[in-house]
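Step one of this worksheet: look at the structure below.
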Amino acid sequence: MVGRPIVISGPSGTGKSTLLKKLFAEYPDKFGFSVSNTTRKPRPGEINGKDYNFVSTEEFKKLIDENKFIEWAQFSGNYYGTTIKAVEDVATKQGKTCILDIDMQGVKSVKKTSLNARFLFLSPPSIEELKKRLSGRGTETQESIDKRIDAAAAEMEYAQTGAHDKIIVNDNLEKAYQELKEFVLSE
Ligand SMILES: Nc1ncnc2c1ncn2[C@@H]1O[C@H](COP(=O)(O)OP(=O)(O)OP(=O)(O)O)[C@@H](O)[C@H]1O
């Protein structure tokens, strides 16, 4: 059965990608990501509707004006964004439960739509541990780590307001994965 969309959020470096990778590997037919819209040109091998929904800048701007996006952003001259329809399509076209990996602003935005999503917050055991993971991942500069730690504090504060249906602390990966499975399979 296709469940309500599931929104997973939490500070950068908490382990969302790691846990979702495990989930998709174990349940390839049950869960799916939405396809983003972009105005960037397709790279060789990229398939429209699968890798991205490739649209013109004009079309993209029209979707912005019509409030069709959960979130959108502009990077190096191109627009990228997730539409409400793209989330609905995961259920209607792929027959899967949609999983959205987004930040606090995205969570607030989804709450304003009619998507009727379930919200999961993944928390690091502590800010200290989060710093360690971000450094250990080796993908960020010190400046980027500092920025992510600042944003983490705001995310954690927001989670205290009861905005989520479930909070999982990722102190032990296997334990966090079991809790994640219990939550996402409970519908
Ligand atoms: N329970 C855990 N214990 C120790 N390290 C972990 C644990 N879970 C994840 N990690 C490590 O922490 C780092 C950050 O994890 P990951 O990249 O999955 O975070 P993320 O939340 O997806 O971040 P972003 O939002 O920036 O994509 C990775 O190097 C990962 O291997």
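The residues of the chain are indexed from 1 along the displayed sequence. One-based numbering, in listed order, for ligands and for the atoms of each. A quick note: this is a predicted structure, and the numbers were derived from the prediction, not measured.
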Could you list all the salt bridge (Lys or Arg N to Asp or Glu O under 4.0 Å) pairs where at least one residue sits in residues 161-175, not counting sequence neighbours?
-> Lys22-Glu174, Asp171-Lys175, Lys175-Glu179
Would you say Arg133's side chain and Thr14's backbone share a donor-acceptor pair under 3.5 angstrom?
-> yes
Results of salt bridge (charged side-chain N to carboxylate O under 4.0 Å, His left out) for Lys111 - residues two or more places apart only | none
Partner residues of Asp89 under the salt bridge (charged side-chain N to carboxylate O under 4.0 Å, His left out) criterion, sequence neighbours left out = Lys85, Lys93
Let me know which protein residues bring a heavy atom to under 4.0 Å of ligand 1; chain then number is fine for ordering.
-> Pro11, Ser12, Gly13, Thr14, Gly15, Lys16, Ser17, Thr18, Arg133, Arg137, Arg148, Asn170, Asp171, Asn172, Leu173
Does the side chain of Asn78 come under 3.5 Å of the side chain of Gln74 through a donor N or O and an acceptor N or O?
-> no
According to the interplanar angle, ranging from 0 to 90°, do the rings of His164 and Tyr158 count as parallel (below 30°), tilted (30 to 60°) or perpendicular (above 60°)?
-> perpendicular
